Amino acid sequence: MLDIHFIRENPEVVKKACKSKNMPADIDTLLRLDGEKREMLAQVEEKKHERNAASKRIGEMKRAGRDPGLLMDDMKKLSDEIKKADLSIAEKESVIQEILIGVPNIPHKSVPVGADASKNAFVHEWGEKKRFSFKPKVHDKLGEELDILDLKRAAKITGSGFVLFKGAGALLERALIDFMIDIHVQEHGFIEISPPFIVNRMSMFGTGQLPKLEEDMYDLEEAKYFLIPTAEVPVTNIFRDEILQEDDLPVRYVAYTPCFRKEAGSYGKDTTGMTRVHQFDKVELVKFVKPEESYQEHEDLLKCSEKILQKLDIPYRVLLLASGDMSFAAAKCYDIEAWSPGLGRYLEVSSCSNFEDFQARRMNIRFRRKKTGKNEFVHTLNSSGIALARTFIALIETYQNEDGSVTIPGALRPYMKGVEKITADK
RNA sequence: GGAGAGGUGCCAGAGUGGUUGAAUGGGGCGGUCUCGAAAACCGUUGUCCCGCUUGCGGGACCGAGGGUUCGAAUCCCUCCCUCUCCGCCA
């Protein structure tokens, strides 16, 4: 959510931002209603002032034994007027809010302006794509032959877009989670969080999934709860409606959670194997920082996510998303894409975003600035560190051998209970 | 699921329908004292919104939302949450 004061003073900037993000918002109507509301507010507050003063006088008169009957009659009329005015202000306010929460965040000045992913900017790449002396297999075939992936039975149990890991596959999934959390805690100084996997509507609103993406969320209708689409939601909401101390910042959290997404509107896209699934595991990094530090923290955050792929020795590239490809709440976003030799293309395994104060304003997360004693909104950031399923894909496809076995990369071996190679006969 | 208790400021904890934005204590901040510190004492200490803007004036907020009233933290209704006991279950 943007600051209404900012919109009042910079309507053209906001309009331009909406356009570059392909997310229309009626700024003119917003500002007109806002002006009308403030005028009404001034009027009704004057009446309330009068009422407050009169009520005080009535109390005094009663205590003095005088009859305040006439004054009370007047105040009854005034009170009715106030009630009516309050009501119409509330109506106006709810329309204003509705428009306001639909205004996207403004892209940072370093973000390329462009309508879609074709305008994303290449930032850098890491690692060398492995050359195979044979034709590398795609993960689903490889996993099936090794008996570590069972997509067919997962579909029977639940439906398409779900995954069942088995034996060394399940162990590998668990090892990856464990490995990633350890790196972020021990080497990057994040604090581990294990949050609820189910959240309420307010939390989904706070991080910006609602109302825009409601159709992509699994909701638990009777309970009015939602399955989380990312740990970003519960972890960022930890400080909702709180005021932090300046010395507490930056706060850096890492959390493993499963993620649930309907993937509405993406039918037919990424249908191979488990490239796009409804439930996947992810290790997520979340930061709460001071505004003046957020862009440095953003760069550092990207490095933390990259580190995982570097340690696993999986080649990847980093893109800076164009304005039109960014999410509603983001001001700047990098994507990390791991190379999948079986599929012969890159897979997005991490999104590293700076939301500035957009989420913090929705969630009302502030900190007290020591120097001024004033409360300011924090900046929130998050990055996958990193998303499983697809890392699993890149890993087994990259480390596959001609005989169909998969070698476990060195960094992961301490987590694999002595398994150095996954073979079919095991 | 059944029975009770309760939700007030950074924390603890008062609060008769009318100078209560809120007693008191603790904490924080500033000061006196001290070589320094502790103790003691004095002062200060919520958030948001609107308007003119160094400052000031006004409004709102005592879990959330309604209602009664000239006036609600205080009375009534609905919802949410927390705690205790019983039942059930991991």
Side-chain angles (χ1 to χ4, degrees), chain A residues 1-9 30-101 194-206 210 219-226 234 237-249 251 288 357 359-378:
Chain A
M1 184 160 66
L2 294 181
D3 185 0
I4 185 71
H5 298 96
F6 179 83
I7 301 177
R8 271 179 215 151
E9 276 149 42
L30 177 68
L31 290 176
R32 180 174 55 77
L33 293 172
D34 175 58
E36 289 170 11
K37 187 204 83 180
R38 280 186 291 156
E39 202 168 306
M40 290 159 80
L41 203 59
Q43 284 173 18
V44 78
E45 284 185 355
E46 203 172 309
K47 285 178 181 170
K48 284 181 180 174
H49 177 53
E50 193 182 329
R51 181 181 67 181
N52 288 347
S55 290
K56 198 177 277 185
R57 247 182 297 139
I58 289 170
E60 285 162 4
M61 285 169 83
K62 279 195 164 176
R63 246 170 293 138
R66 290 190 287 148
D67 176 23
L70 278 174
L71 190 53
M72 279 169 67
D73 288 344
D74 286 350
M75 284 309 108
K76 193 169 176 57
K77 251 178 268 165
L78 188 67
S79 244
D80 283 344
E81 283 175 39
I82 289 171
K83 219 168 271 184
K84 268 182 213 141
D86 271 343
L87 205 67
S88 59
I89 288 171
E91 277 167 16
K92 194 143 286 194
E93 180 60 32
S94 80
V95 178
I96 290 170
Q97 278 301 314
E98 208 173 300
I99 300 176
L100 189 59
I101 64 172
S194 181
F197 300 162
I198 292 175
V199 298
N200 60 30
R201 182 167 281 274
M202 272 307 289
S203 294
M204 290 291 272
F205 172 81
L210 293 184
D219 62 326
L220 306 165
E221 215 166 300
E222 290 136 78
K224 296 178 196 145
Y225 292 150
F226 294 85
N237 272 280
I238 285 175
F239 295 120
R240 171 146 54 83
D241 288 319
E242 292 192 35
I243 299 170
L244 304 173
Q245 294 306 313
E246 184 174 351
D247 290 342
D248 295 340
L249 301 176
V251 174
F288 304 84
D357 64 3
Q359 291 182 326
R361 186 169 276 112
R362 288 180 155 234
M363 274 178 287
N364 198 24
I365 302 178
R366 292 168 293 171
F367 74 99
R368 183 177 298 280
R369 176 85 69 182
K370 273 208 250 170
K371 208 170 165 185
T372 59
K374 296 271 187 221
N375 296 326
E376 296 177 37
F377 289 109
V378 300

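Given the structure is predicted, the values throughout are model-derived calculations rather than measurements. Residue numbers begin at 1 in each chain, while the letters A, B, ... track the order of the sequences.
Distance check, rounded to the nearest 0.5 Å: CZ of A:R51 to CD of A:E81 gives 11.5 Å. Atom CD of A:Q97 and atom CG of A:L30 lie 9.5 Å apart (nearest 0.5 Å). A:I4 CD1 to A:K37 NZ: the interatomic distance, rounded to the nearest 0.5 Å, is 7.5 Å. Interatomic distance, CE of A:M202 versus CZ of A:R362, reported as 10.0 Å (0.5 Å rounding).
Between the CE atom of A:M40 and the C1' atom of B:rG59 there is a distance of 15 Å, rounded to whole Å. Per the geometry, NZ belonging to A:K37 stands 10 Å off P belonging to B:rC49, to the nearest Å. In this structure, A:D241 atom CG and B:rC80 atom C1' are separated by 14 Å, rounded to whole Å. Distance A:N364 CG to B:rC61 P: 18 Å, rounded to the nearest Å. Atom-to-atom, CG of A:N200 to P of B:rC81 comes out at 9 Å; the value is rounded to the nearest Å. Residue A:K48 contributes atom NZ, which lies 17 Å from atom C1' of B:rG57 at whole-angstrom precision. Atom CZ of A:R38 is separated from atom C1' of B:rC49 by 11 Å (rounded to the nearest Å). In this structure, A:I89 atom CD1 and B:rG59 atom P are separated by 14 Å, rounded to whole Å.
A donor and an acceptor atom, one from each side chain of A:N52 and A:S55, are nowhere located under 3.5 Å apart. Judged purely by distance below 3.5 Å, without hydrogens or angles, the side chains of A:E39 and A:Q43 never pair a donor atom with an acceptor atom.
Nucleotides B:rG65 and B:rC10 are separated by 27 Å at their C1' atoms, to the nearest Å. Of the P atoms belonging to B:rG58 and B:rU34, the separation is 44 Å, rounded to the nearest Å. Spacing between B:rC89 and B:rC80 at atom P, rounded to whole Å, works out to 26 Å. To the nearest whole angstrom, the two C1' atoms, one in B:rG27 and one in B:rG9, are 13 Å apart. Remark: the separation of the P atoms in B:rC83 and B:rU78 is 23 Å, to the nearest Å. Between B:rU47 and B:rG21, the two C1' atoms lie 11 Å apart (nearest whole Å). The separation of B:rA38 from B:rU32, taken at their C1' atoms, amounts to 15 Å, rounded to a whole angstrom. Atom C1' of B:rG1 sits at a distance of 32 Å from the matching atom of B:rU8, rounded to the whole Å.
Phosphate proximity of B:rG18 to A:R63: absent, as no side-chain N or O sits under 4.0 Å from OP1 or OP2. Checking the phosphate oxygens (OP1, OP2) of B:rG59, a side-chain nitrogen or oxygen of A:N52 falls inside 4.0 Å.
The pairing partner recorded for B:rA22 is none, the criterion being a Watson-Crick or G-U wobble arrangement whose two distances lie under 3.5 angstrom. When Watson-Crick and G-U wobble pairs are counted only if both distances are under 3.5 Å, B:rC83 pairs with B:rG4. Under the Watson-Crick or G-U wobble criterion, with both distances below 3.5 Å, B:rU78 is paired with B:rA64.
Here A:R361 lies out of heavy-atom contact (under 4.0 Å) with every strand. A:K56 comes within contact range of no nucleotide atom at all, as no heavy-atom separation falls under 4.0 Å.
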Please produce a list of atom pairs where a protein N or O lies less than 3.5 Å from an N or O of nucleotides 44-48 of chain B.
unit_1: B:rU47; atom_1: O3'; unit_2: A:R366; atom_2: NH1; d: 3.0
unit_1: B:rC48; atom_1: OP1; unit_2: A:R366; atom_2: NH1; d: 2.9

Using nucleotides 67-71 of chain B, report all nitrogen or oxygen pairs with the protein that are shorter than 3.5 Å.
unit_1: B:rC70; atom_1: OP2; unit_2: A:K76; atom_2: NZ; d: 3.0
unit_1: B:rC70; atom_1: O4'; unit_2: A:M72; atom_2: O; d: 3.4
unit_1: B:rC70; atom_1: O3'; unit_2: A:S79; atom_2: OG; d: 3.2
unit_1: B:rC70; atom_1: N4; unit_2: A:K62; atom_2: NZ; d: 3.3
unit_1: B:rG71; atom_1: OP1; unit_2: A:S79; atom_2: OG; d: 2.6
unit_1: B:rG71; atom_1: O4'; unit_2: A:S55; atom_2: OG; d: 3.1

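For A:R38 and A:D34, the salt-bridge test passes: some basic side-chain N is under 4.0 Å from an acidic carboxylate O. In summary, A:R32 and A:E36 engage in a salt bridge, as defined by a charged side-chain N under 4.0 Å from a carboxylate O. A:D219 and A:R201 are not joined by a salt bridge, as no carboxylate oxygen comes within less than 4.0 angstrom of a charged side-chain nitrogen. Ion pairing between A:K47 and A:D86 fails under the 4.0 Å rule for side-chain N and carboxylate O.
Nearest to the side chain of A:L41, among B:rG18, B:rC49, B:rC81, sits B:rC49.
The two residues A:P234 and A:P195 have their closest heavy-atom pair at CB-CB, 3.7 Å.
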